[in-house]
Number of protein chains: 4
Amino acid sequence: MARKPKSAEENMDRHDEILAAAVSVFSEKGYSGATTSQVAKAAGVAEGTIFRYFKTKKELLSAIVMTFISSLGGDIVLSGVEKIVMESDGKDLRVVLKEILKDRLRLLHRMMPVFQVVLTEALYHPEIRNALHENVLKRAMATVQPVFTRLEESGELRSGLSRETIMRTIIGAFASLIAQSVFTGMSETSFEAEADCTIDLLYHGLICKKEKQS
Amino acid sequence: MARKPKSAEENMDRHDEILAAAVSVFSEKGYSGATTSQVAKAAGVAEGTIFRYFKTKKELLSAIVMTFISSLGGDIVLSGVEKIVMESDGKDLRVVLKEILKDRLRLLHRMMPVFQVVLTEALYHPEIRNALHENVLKRAMATVQPVFTRLEESGELRSGLSRETIMRTIIGAFASLIAQSVFTGMSETSFEAEADCTIDLLYHGLICKKEKQS
Amino acid sequence: MARKPKSAEENMDRHDEILAAAVSVFSEKGYSGATTSQVAKAAGVAEGTIFRYFKTKKELLSAIVMTFISSLGGDIVLSGVEKIVMESDGKDLRVVLKEILKDRLRLLHRMMPVFQVVLTEALYHPEIRNALHENVLKRAMATVQPVFTRLEESGELRSGLSRETIMRTIIGAFASLIAQSVFTGMSETSFEAEADCTIDLLYHGLICKKEKQS
Amino acid sequence: MARKPKSAEENMDRHDEILAAAVSVFSEKGYSGATTSQVAKAAGVAEGTIFRYFKTKKELLSAIVMTFISSLGGDIVLSGVEKIVMESDGKDLRVVLKEILKDRLRLLHRMMPVFQVVLTEALYHPEIRNALHENVLKRAMATVQPVFTRLEESGELRSGLSRETIMRTIIGAFASLIAQSVFTGMSETSFEAEADCTIDLLYHGLICKKEKQS
DNA sequence: GATGAATGAGGATTCATTCAT
DNA sequence: CATGAATGAATCCTCATTCAT
């Protein structure tokens, strides 16, 4: 890889600094409620500089959404889950779920502001919704499939549960937990407890009781 | 030019018409993204008229939030659930959950836009979050308590599940279903199927499998 | 003025109430700074009612100015001075000046708000200035002429003083006293003292000192 | 960082251009009657530019008032009078008064519009009145004191005249002359004549006729 | 007549975007 | 390239005026 001139490298930095600043500001005031001048201040650049990297304010938002999608849906990020899934054979579902949840949570905490911005905008822009659906949800489902396939094949999974429903319910349950933890500032330990409890609930909802383990 | 003189009774309507229009516009573009002129157009009134009824645009938002909270958290609305809860004794939990879900869903469909506006703003305004927590969540939990208390007393409820976790998980699971149904335009019947499936999952997650206790 | 029919008389009342309210409001916030709604509230009438009596806000101002001019310049009002002037023969100028000042002051205190409104507007509207000049100043001068004519004829008035200068100086001196008394809330007695002192100054400036004064 | 090779200078200009335009427009239509768009046009800038230099329209007014007060009350400006006063020893009071009047008049002609704006607003804002009183009137009186002190000590000043009254009367007399000259567009020569006449009047009102020195 | 709700042109102010330096 | 002053369209809001009741 030939080294690019310094200025190009700096440009990249600037680009990302502005993006990061925009995420921070947008997540605090919302996209429409934020001003480019606030973003500029947060990024430590002049207002005009923003428009060198992003033609319009809207493009700045798009860049955030795209970044989010590709980092959440992209290989790099899902790989954490992928690894967990691949190594899940024979493990108790509860353990696997917990691992996945913790992996996702780590990510989400890091990305909370982006997440908030993207979700909010998704409410108002179907194309963002679609992009999320295609690139994040479907991918996530595909990644996790093996776990359920295995459970199904071994007859442990209760019958009558569609994959979609399962995924949706798990996501909903986790999402509500994460939301609560983010907004109420739950402690690490009580989050753990709540997580275990939630997983336990889901586990029993999913697994067939063959009276194997109590 | 002065126009549209109406009876005193229709003044109330005017107020509500503007409110309704605001909900509609805000839910489409977000509060900050919407303009008072758009609201006026949607309400079929002159822009100035809005400010006869709501001193500022912000007050318009507040009115929406308040309306939402009091109609969702208020007696009238919860009474649907209350009735279900009161008559739930002896019924299968699945049936009760289904009834509650359907009741809430009916309401939510009617209020979807308000809901969206309020939730979005709640992301950015802690005081709205608090108001929702105090007036909606707590109330809802209190209303549903008897169901779980009964299950607990009869030993049907699996042990180790905190009320909070149960409520959160149910809400999360339902919310994700409703969100999907709203955004993907799920059909009535497939919604029913999904709902049954979700309820089934939750039911087995909640209930102790010792067979019916007698 | 011939009396109008009763209904018209009642109209006059309303008319004057609104005018009085307008004076009060305009004098507090200035013409442009005041709103017709404030005037309406002060007058205890509906906003629309104002426009029955005065086609526009501007006309309301005109009416105030006209009222002022005709009441200050008109017979009724000047007659106080006229009487003083007519009875001034042989009196000491100081006494006459004092009487005039006191007469004007009484009037001015009653009319302070109108005065303020009219003067302020006069700054911005030459036609008001002209009207004031023609109808108030000239008249006032004409009224007071006899006093100075008499002094001149008796040789008491110092030579080299034009009537205009005399009048202007007296007016300026009195005006500054009144302004101070109005804005600083001078007490009745200290006002008296200041007035005597001012008159004394003017008197010696006007009168020829050949005579021994006792 | 933000270096301003010439922009420092130009900024000042811009700032002052807007201020000057505001003075001009406000003095023609009054503060409330003027619009920021008129000011912008008069200043030859876009409307938005005004708000880069003055946060609000009101702040623009404040800036005018402050400028006025500091330039009228400030050392630089009073120094003209101060010099006259310092060099007044032995001179005839008439000459001194004339010199002061001419000095002030020159200033006032230059500042007439500001003056008008400030005085008008002073009518409605006690704090402006106070500022004027403290920073202009008191200062002016302090500056002129020596003249009268000297006269008093030499026994030339008629007894029974308080300093306050003297000052007020002189100011009122001069003010009325200046007002007339400004509004009627008096010629230079007739102004001179009127001024001399006014001064003569005041002089004889102030000075004791001992026929000593002349 | 009197009312005051409705109007909408117009005002102050903001802010994304441009461009000369 | 970066800057930030300048821009002016767009926004929220006001208020004189009208008119159906």
Reading DNA chain F 5' to 3', what string of ( ), [ ], | and . shows its pairs, if Watson-Crick and G-U wobble pairs count only when both distances fall under 3.5 Å? .||||||||||||||||||||
Can you tell me how far P of F:dC13 sits from CG of B:L60, to the nearest Å? 10 Å
A:E47 side-chain N/O to A:A40 backbone N/O, donor-acceptor pair under 3.5 Å: no
Rounded to whole Å, how long is the line connecting atom CD1 of A:I18 with atom P of F:dC1? 13 Å
Return the CD1 to OG1 distance between A:I18 and A:T49, rounded to the nearest 0.5 Å. 6.5 Å
Let me know the distance between NE2 of D:H15 and P of F:dA6, rounded to the nearest Å. 12 Å
Tell me: CG of A:L61 to P of E:dC15, nearest whole Å? 17 Å
May I ask you to list the residues of residues 21-36 of chain D, by number, that have any heavy atom positioned under 4.0 Å from an atom of DNA chain E? D:A34, D:T35, D:T36
Heavy-atom pair with the smallest gap, counting every atom of A:V114 and A:V23: N-CG1, 3.6 Å
Between E:dT17 (P) and A:Q38 (CD): distance, integer Å: 15 Å
Would one find a side-chain N or O of B:R52 under 4.0 angstrom from OP1 or OP2 of E:dA5? yes
Rounding to a whole Å, what distance do you find between D:K57:NZ and F:dC13:P? 18 Å
Output for pair (C:S27 OG, C:L119 CG), nearest 0.5 Å, gives 12.5 Å
Starting from P on E:dG10, measure out to CD on B:E47 and report it in whole angstrom. 14 Å
Sequence neighbours excluded, the answer for side-chain contact (heavy atoms from CB on, under 4.5 Å) partners of B:M112 is B:F115, B:V182
The side chain of B:T49 lies closest to which of these nucleotides: E:dT17, E:dG8, E:dA6? E:dA6
Could you please name the option among F:dT17, E:dA2, F:dT7 that lies closest to any side-chain atom of C:Y53? E:dA2
Assign each of D:K55 and C:G44 the nucleotide of DNA chain E bearing its closest heavy atom; nearer the 5' end lies the nucleotide of C:G44
Tell me, please, whether A:Y31 has A:K57 positioned over its six-membered ring: NZ or CZ under 6.0 Å from the ring centre and within 45 degrees of its axis? yes
Atom pair CD (A:E121) and CZ (A:F26), whose distance is rounded to the nearest 0.5 Å: 8.5 Å
Need to verify one output field. Residue with the more 5' nearest nucleotide on DNA chain E, A:F51 or D:G48? D:G48
To the closest 0.5 Å, what do you measure between CZ (D:F54) and OG1 (D:T36)? 13.0 Å
Tell me whether B:R129 contacts the main-chain N or O of B:L123 through its side chain, where contact means a donor paired with an acceptor under 3.5 Å. yes
Per A:V45 side chain, nearest of listed nucleotides F:dT17, E:dA12, F:dT3: F:dT3
What integer distance in Å separates D:I50:CD1 from E:dT13:P? 10 Å
Phosphate contact (F:dA5 OP1 or OP2) by D:R14 side-chain N/O below 4.0 Å: no
Nearest of F:dC13, E:dT13, E:dA6 to any side-chain atom of D:T56? E:dT13
CG on B:D16 to OH on B:Y53, rounded to 0.5 Å: 10.0 Å
